[in-house]
Novice: 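One structure follows; several queries about it will come next.
Hydrogens, waters and symmetry mates are skipped; everything else that's a heavy atom, side chains included, is used. Values in this document were obtained by computation on a predicted structure and should not be read as measured data.
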Amino acid sequence: MADDKAKKTPGKAINVNIGILGHIDSGKTSLCKALSTVVSTASMDKGAQSQERGITLDLGFSSFSTDAPVAWQAEGYDTLQFCMVDCPGHASLIRTVIGGAQIIDLCALVIDANKGIQTQTAECLVVAEILANQLVIILNKIDMIPEAKREKHLVKIKKMLSLTFAATKFGEKLPIACVSASPQDGSPAIGMDALIETLKSNLEMPQRDKTGPFMFSFDHAFAIKGQGTVMTGTVLSGAVKPGQIVNVPCLGEQGKGKKVRSLQKFRQGVQEAIQGDRVAMCISGLDAKELERGIVIGEKFPVPTLDACICVVHRLSYFKAEVKTKAKFHVTLGHQTVMATAHFFCPLDGLASPSTASTIPTAGSAASNASAEGAKQGKTPSLAMGCGALVAHMQRSWPTSFDFSQSYCHLDELFQHGVPVEYENSDGDMVKLMPDSEPGKMIFQINGETKGEVSELKFDTSSGRLVMQGGAPLGSTVDSRSVVPLKERDRVIYLLRYLAQICGVPGLPPTEKEPLAYVLLLLEKPVTCPLGCLLIGSKLDFDIHSPSCRMAFFGRILCPMDPKDLKPLRIVKMKSKTGLLDRFDKQDSCLMICKDMFKADTDMALFNGLKIVHEQSGLEGILEGSYGQDGRFKVRFKQELKVKADAKLQIKGTERITLYFKKFNFEQSKKIIQ
């Protein structure tokens with residue numbers, strides 16, 4: 001088979017990039033060796049460190065050619081060239097895997113047939129879901145299974161894999177090839193011909209467009225005396241020819257106006273390289289020592305350098321730790337991984353409380369405005385060749401630009417799409433609402449215990465009460481106040497509207513859009529990349545021996561931000577102060593004397609005229625100023641509160657009141673806004 005490949009003379013060829021991913025020691029590099037006829041300057045663990053440690057430390061590239069499928073020949077291609085991207089399998093090198101996966105058309109996930117899915121196998125699967133829309137499973141090392149038991153064992157592991165992949169966007173019916181790339185007895189590789197046919201029969205023809213702006217992602221650079229610096233990488237967009245003027249953004253002014261001297265594709269000189277091609281590009285006037293990874297762009301194509309950016313994001317269900325605002329994440333864009341501080345937020349639809357409903361535009365208009373604006377901007381190149389099944393699913397609802405005219409809701413933690421809505425109510429009970437197997441219903445739990453089914457939901461904006469059919473409270477007892485605390489109210493109602501919609505439970509304002517989540521990323525190092533790029537946020541400092549996935553979220557960049565001026569981003573954080581009713585005023589039964597909300601030295605002028613809510617009744621009053629010198633204050637209600645008092649008008653029991661207000665995250669004003 002190898003001899004046949006070596007004799008194959010390429011005609012009109014199309015290049016297809018295959019990412020070889022898998023756990024360390026699953027045999028990825030051996031597989032590439034068994035298939036390859038041409039290797040690049042960076043392949044087969046040539047690096048000194050790779051040879052010393054005996055593992056793949058960087059991306060390796062090699063290729064082979066075969067006859068194009070019949071359908072492809074009808075499109076004018078007689079040769080199919082496979083470029084294999086050998087990705088490291090060690091846990092500490094997952095950032096390199098992420099970078100490599102962004103330049104592939106098809107992902108080949110290599111699994112040791114004797115060990116099944118391992119830790120990094122699972123992480124590579126997550127990468128594939130995000131960045132690849134085609135996946136082939138390769139069961140390697142089948143020669144280590146006794147021949148008498150081999151067929152039965154392979155049937156068993158295939159069935160297990162089908163169950164595992166059924167929970168992913170790829171589904172259970174994935175093509176599986178069984179091979180042994182490097183048999184232990186030194187005999188020729190097993191199953192290579194069948195593997196090539198599996199790849200050919202399951203590969204969709206990639207759409208190559210050489211008319212767009214030129215963008216090239218390079219992963220290796222070296223000097224050739226008397227010629228210049230050679231950068232090897234993948235053309236992500238457009239086309240390039242010898243003599244073309246390009247820019248290398250990572251070098252600043254020194255990288256502008258550089259001339260392409262020559263091009264090679266796997267040691268063959270060519271006069272043009274187009275989108276999808278793996279190519280070596282020789283450019284004069286560059287210092288190879290200053291280059292490691294980066295991008296090269298067309299002379300007239302501007303690419304921003306980002307210190308901060310706003311992105312639309314989706315939390316990965318495989319990540320089990322917290323995804324908190326103000327936490328730091330490793331953010332990968334193309335081959336670059338930098339640390340960034342995250343601030344998560346979501347649309348503020350204005351339906352959760354009267355203080356926001358009258359002043360803040362709806363999130364629906366924000367999304368539609370953003371999408372319309374993005375459509376005007378047109379398609380821009382990305383640092384990824386395409387997008388995976390998971391991204392393709394999410395892009396149907398993702399906006400393509402960001403609307404600064406809207407206000408947004410602060411999130412303490414990035415929510416998980418498609419999971420139960422959970423919150424702590426004002427009684428201290430953990431409430432969870434989730435889909436029921438029966439249409440038109442949801443399951444209702446309190447503190448982990450199922451309490452019943454919900455067939456209707458109603459929310460009162462004035463009191464914050466959320467009740468189900470018949471006015472029954474979502475609480476542990478029939479006397480529960482069933483109030484959604486203000487700091488959680490916007491998030492809870494935003495998510496509940498969509499959950500109720502898909503469950504067919506009436507009562508809340510309908511919505512057709514899936515919930516959106518955004519993040520402001522404050523980057524510790526500048527990153528040069530086009531808007532619209534895919535990104536992955538990870539916790540790569542987690543224990544590499546843990547079976548848990550370290551990738552937390554993924555998304556697309558929508559717009560740049562100036563980290564020194566974040567005021568245009570209006571993220572609302574709802575805050576509250578609680579206190580108690582003390583007594584009725586002796587002359588006016590609608591005027592209440594209250595306590596335990598402010599200190600004695602608080603400047604009450606900041607709070608005069610603000611609304612105060614009596615939690616039990618939901619009635620609103622207006623704060624009219626201080627009373628005495630001990631921090632007490634006066635609140636006037638429109639009607640007399642129905643609360644118990646003694647003969648001296650002192651309130652019996654505990655009657656709580658709350659002052660709700662909002663703060664904008666990046667404004668330093670002391671002004672209190674409701």
Side-chain angles (χ1 to χ4, degrees), residues 10-21 32 35-36 38 40 42-43 59-69 71-73 75-87 99-108 128 131-136 199-200 202-220 231-241 244 246 260 263-281 295-298 301 334-335 379-388 391-392 530 532-534:
K12 184 178 179 183
I14 183 171
N15 185 74
V16 175
N17 301 296
I18 301 181
I20 310 296
L21 281 69
C32 291
L35 287 170
S36 300
V38 182
S40 75
S43 65
L59 301 176
F61 299 88
S62 55
S63 76
F64 68 91
S65 298
T66 184
D67 291 329
W72 296 33
Q73 292 179 20
E75 297 293 327
Y77 298 106
D78 35 316
T79 300
L80 174 59
Q81 177 172 280
F82 285 103
C83 172
M84 291 175 290
V85 185
D86 181 14
C87 298
Q102 301 205 50
I103 57 174
I104 65 175
D105 299 297
L106 177 144
C107 176
L131 296 170
N133 57 15
Q134 301 175 78
L135 180 67
V136 171
L199 293 173
K200 288 171 62 175
N202 289 279
L203 183 64
E204 296 178 5
M205 183 184 294
Q207 300 300 311
R208 304 304 195 206
D209 179 14
K210 65 178 186 178
T211 63
F214 172 64
M215 180 178 291
F216 172 77
S217 173
F218 67 90
D219 40 70
H220 296 88
M231 292 183 284
T232 60
T234 303
V235 181
L236 300 177
S237 172
V240 63
K241 297 179 179 180
Q244 187 169 324
V246 296
V260 178
L263 300 171
Q264 280 192 8
K265 290 197 291 187
F266 287 98
R267 302 183 182 178
Q268 297 293 320
V270 295
Q271 292 303 305
E272 183 180 47
I274 67 170
Q275 183 185 45
D277 284 344
R278 177 75 188 172
V279 65
M281 184 164 57
I295 59 174
V296 178
I297 58 176
F301 177 50
H335 289 293
K379 185 179 179 182
T380 58
S382 171
L383 289 180
M385 283 291 298
C387 66
V391 175
C533 281
L534 282 173

Novice: Kindly compute the distance separating CG (L35) from CG (L199), expressed to the nearest 0.5 Å.
Specialist: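 Separation between the atoms: 7.5 Å.
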Novice: Please tell me if the side chains of D277 and R208 come closer than 4.5 Å, counting only heavy atoms from C-beta onward.
Specialist: no
Novice: Short question: side chain of Q134, backbone of E204 - any donor-acceptor pair under 3.5 Å?
Specialist: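 Yes, Q134 side chain to E204 backbone: donor-acceptor pair under 3.5 Å.
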Novice: Looking only at heavy atoms, what is the nearest atom pair of F218 and I295, with distance?
Specialist: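 That closest heavy-atom pairing would be CE2-N, 3.6 Å.
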Novice: For T79 and S65, which heavy atoms make the closest approach, and how far apart are they?
Specialist: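 Heavy-atom minimum between the residues: CG2-CB, 3.9 Å.
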Novice: If you apply the rule side-chain hydrogen bond (donor to acceptor under 3.5 Å, both in side chains), what do you find for Q81 with N15, and how did you get there?
Specialist: CA-CA 5 Å; Q81 177 172 280; N15 185 74; 3.1 Å; yes
Novice: What is the distance from atom CZ of R278 to atom NZ of K265, rounded to the nearest 0.5 Å?
Specialist: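 One finds 13.0 Å between CZ of R278 and NZ of K265.
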Novice: Under 4.5 Å between any side-chain heavy atoms of I14 and P206, yes or no?
Specialist: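 Yes - at least one pair of side-chain heavy atoms lies under 4.5 Å apart.
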Novice: If we only count heavy atoms from C-beta on, is the V16 to W72 side-chain gap below 4.5 Å?
Specialist: yes
Novice: Hey, could you give me the CG/CG distance between N202 and L106, rounded to the nearest 0.5 Å?
Specialist: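 Separation between the atoms: 8.0 Å.
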Novice: Applying ring-ring contact (aromatic ring centres under 6.0 Å, His included), can you list everything that pairs with F82, at least two apart in sequence or on another chain?
Specialist: F64
Novice: Tell me if a side-chain donor or acceptor on Q275 pairs with a main-chain N or O of G238 at a distance below 3.5 Å.
Specialist: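 The answer is no, because no donor-acceptor pair under 3.5 Å joins these two groups.
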Novice: Do the side chain of N17 and the main chain of G276 share a donor and acceptor less than 3.5 angstrom apart?
Specialist: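 Present.
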Novice: Which pair of heavy atoms, one from C32 and one from S62, lies closest together, and at what distance?
Specialist: CB-OG, 4.0 Å
Novice: For A239 versus Q244, what's the shortest heavy-atom pair and its separation?
Specialist: O-NE2, 3.6 Å
Novice: Side chain of D78, backbone of K12: donor and acceptor closer than 3.5 Å?
Specialist: yes
Novice: Which distance, rounded to the nearest 0.5 Å, do you find between the CD1 of I274 and the OG1 of T211?
Specialist: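 Output value for this atom pair is 10.5 Å.
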Novice: Ignoring hydrogens and angles, tell me if any N or O in the side chain of T66 forms a donor-acceptor pair with the backbone of L80 under 3.5 Å.
Specialist: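 The answer is no, because no donor-acceptor pair under 3.5 Å joins these two groups.
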Novice: Nearest 0.5 Å, what's the CD-CG distance between Q207 and D105?
Specialist: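 Taking CD in Q207 and CG in D105, the distance rounds to 10.5 Å.
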Novice: Ignoring hydrogens, what is the shortest heavy-atom contact between P530 and F301? Give both atom names and the distance.
Specialist: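 That closest heavy-atom pairing would be CB-CZ, 4.5 Å.
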Novice: Which value, rounded to the nearest 0.5 Å, describes the distance between I297 atom CD1 and F216 atom CZ?
Specialist: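 Reported value, rounded in 0.5 Å steps: 13.5 Å.
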Novice: V240 pairs by side-chain contact (heavy atoms from CB on, under 4.5 Å) with which of E272, M215, M281, K210?
Specialist: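 Only match with V240 under side-chain contact (heavy atoms from CB on, under 4.5 Å): M281.
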Novice: Nearest heavy-atom pair of C107 and A128: which atoms, and what distance?
Specialist: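 Closest approach of C107 to A128, heavy atoms only: SG-CB, 3.7 Å.
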